[in-house]
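First comes the structure, then the notes that go with it.
Predicted model, so just to flag it, every value in this text is computed and none were measured. Just so we're on the same page: letters track the sequence lines, and every chain starts at 1.
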Amino acid sequence: MKIKVLFFAYLKKYAAMEEMCLEVPSYITLGKAKSILAESIPLLGPYLSNVKCAVNLEIVGEDAVLQNNDEVAMLPPYSGG
Amino acid sequence: MIRIQYEPYDLSIEINRIKAVSKSIGALTIFEGIARDFSNDHNVDRLDFECYIEMAENELRKIEKQAKSKFDIIELSIIHRIGTIDIGEGIVLILAVASHRAAAYEASRWCIDEIKRSVPIWKKECLSIGDIWVTAHP
């Protein structure tokens with residue numbers, strides 16, 4: 001299945017893009033999808049341990065199960081306000 | 001009312017707008033976060049803010065709803081700018097109105113703390129030595 005991955009702030013530099021479509025197995029957890037992402041973009045890997053992830057605009061944990069066409073945002077620590 | 005926008009806001013317009021909501025308002029508090037010219041030991045030339053807009057708007061709406069539930073306020077306005085912000089310009093504006101001042105003060109402080117904690121917005125400081133993404137907020 002395919003998921004849409006969004007990158008923000010400094011992650012865009014290491015990913016060399018703002019978003020991508022990632023092919024992952026069905027019923028995969030967020031944690032395992034992050035591992036696949038780190039393998040496909042090695043420069044990004046070290047920075048993924050310090051991100052929260054939102055799936056379809058809601059923060060979820062690593063054991064959340066992803067669905068086809070989910071929007072998964074990689075969110076570094078916030079610095080707004 | 002919550003807004004995320006690129007362009008500067010007009011403080012007078014926003015104050016008049018929120019004061020018009022009710023004649024029971026006895027207190028209005030204004031918090032404005034402003035772009036300053038230093039950070040740690042560096043001079044800052046300008047700030048750039050990036051945002052996951054759809055999620056940020058959702059989170060601001062949650063903050064607005066929770067603030068109205070937690071504090072005895074009449075109305076609340078939160079405006080956060082994104083994009084490039086020059087030194088001295090406003091970044092975030094929180095207006096809280098209540099019948100009495102304590103609730104307005106408490107709601108305003110709670111809101112800015114919650115914005116920093118839960119809204120997906122990121123600040124980049126543009127310095128003469130290069131740009132730095134801020135990863136922790138005081």
Side-chain angles (χ1 to χ4, degrees), chain A residues 2-22 24 29-31 33-34 37-38 41-81, chain B residues 2-5 31-36 39-40 44 47-63 78-83 85 90-94 108-126 130-138:
Chain A
K2 287 189 165 65
I3 60 173
K4 180 178 173 183
V5 182
L6 305 181
F7 303 106
F8 290 95
Y10 53 84
L11 296 180
K12 287 183 185 175
K13 180 176 86 170
Y14 298 109
M17 62 187 113
E18 295 188 356
E19 62 179 72
M20 68 180 290
C21 192
L22 186 67
V24 293
T29 63
L30 174 63
K34 282 173 70 177
L37 183 62
I41 310 177
L43 266 183
L44 187 62
Y47 300 96
L48 293 182
S49 59
N50 193 32
V51 303
K52 287 194 284 194
C53 294
V55 176
N56 303 328
L57 308 178
E58 293 290 336
I59 298 291
V60 297
E62 303 271 299
D63 56 356
V65 176
L66 302 180
Q67 309 291 330
N68 192 33
N69 295 322
D70 273 349
E71 179 174 284
V72 182
M74 300 289 145
L75 308 174
Y78 305 153
S79 50
Chain B
I2 66 101
R3 284 203 319 262
I4 294 174
Q5 63 189 53
F31 171 82
E32 186 175 27
I34 299 167
R36 63 171 185 265
S39 176
N40 297 319
V44 176
L47 301 176
D48 285 333
F49 284 87
E50 189 174 307
C51 179
Y52 185 15
I53 292 179
E54 210 177 346
M55 183 177 169
E57 287 175 338
N58 285 351
E59 296 303 313
L60 285 175
R61 277 190 278 269
K62 285 181 198 171
I63 290 171
I78 303 173
I79 302 171
H80 200 303
R81 288 184 60 201
I82 56 175
I85 296 179
I91 300 163
V92 59
L93 180 69
I94 301 171
S108 178
R109 181 163 196 144
W110 183 85
C111 284
I112 185 61
D113 288 345
E114 280 302 293
I115 289 168
K116 287 179 171 290
R117 186 186 68 79
S118 68
V119 180
I121 294 176
W122 298 273
K123 175 169 64 179
K124 184 168 67 176
E125 294 171 340
C126 303
D131 298 347
I132 301 175
W133 284 103
V134 175
T135 54
H137 45 74

**Asked** What part of A:Lys13 is in contact with chain B, defined as an atom under 4.5 angstrom from a non-hydrogen atom: side chain, backbone, both or neither?
**Response** neither
**Prompt:** Taking side chain as C-beta onward, heavy atoms only, is B:Trp133 less than 4.5 Å from A:Pro76?
**Reply:** no
**Request:** To the nearest 0.5 Å, tell me how far B:Met55 CE sits from A:Phe8 CZ.
**Result:** 9.0 Å
**Prompt:** OG/A:Ser79 to NZ/B:Lys116 distance, rounded to the nearest 0.5 angstrom?
**Reply:** 8.5 Å
**Message:** Just checking B:Glu57: does its CD atom have more than 12 heavy atoms from other residues, nucleotides or ligands closer to it than 6.0 angstrom?
**Reply:** yes
**Message:** A quick test of your reading: do over 12 heavy atoms of other residues, nucleotides or ligands sit less than 6.0 Å from CD of A:Glu18?
**Reply:** no
**Prompt:** If only atom types and distance count, is the side chain of B:His80 paired as donor or acceptor with the main-chain N or O of A:Gly81 below 3.5 Å?
**Reply:** yes
**Message:** Please report the interatomic distance OH(B:Tyr52) to CG(A:Leu6), rounded to the nearest 0.5 Å.
**Reply:** 5.0 Å
**Side chains of A:Tyr78 and B:Ile115 in contact at under 4.5 Å (non-hydrogen atoms)** = no
**Prompt:** Considering residues, nucleotides and ligands other than A:Asn68, do more than 12 of their heavy atoms fall under 6.0 Å from its CG?
**Reply:** yes
**Asked** So, for B:Lys62 and A:Glu58, which heavy atoms are closest and what is the spacing to 0.1 Å?
**Response** NZ-OE1, 3.4 Å
**Prompt:** What part of B:Cys51 is in contact with chain A, defined as an atom under 4.5 angstrom from a non-hydrogen atom: side chain, backbone, both or neither?
**Reply:** backbone
**Prompt:** Where do B:Glu59 and A:Leu57 come nearest, in terms of heavy atoms and distance?
**Reply:** OE2-O, 4.5 Å
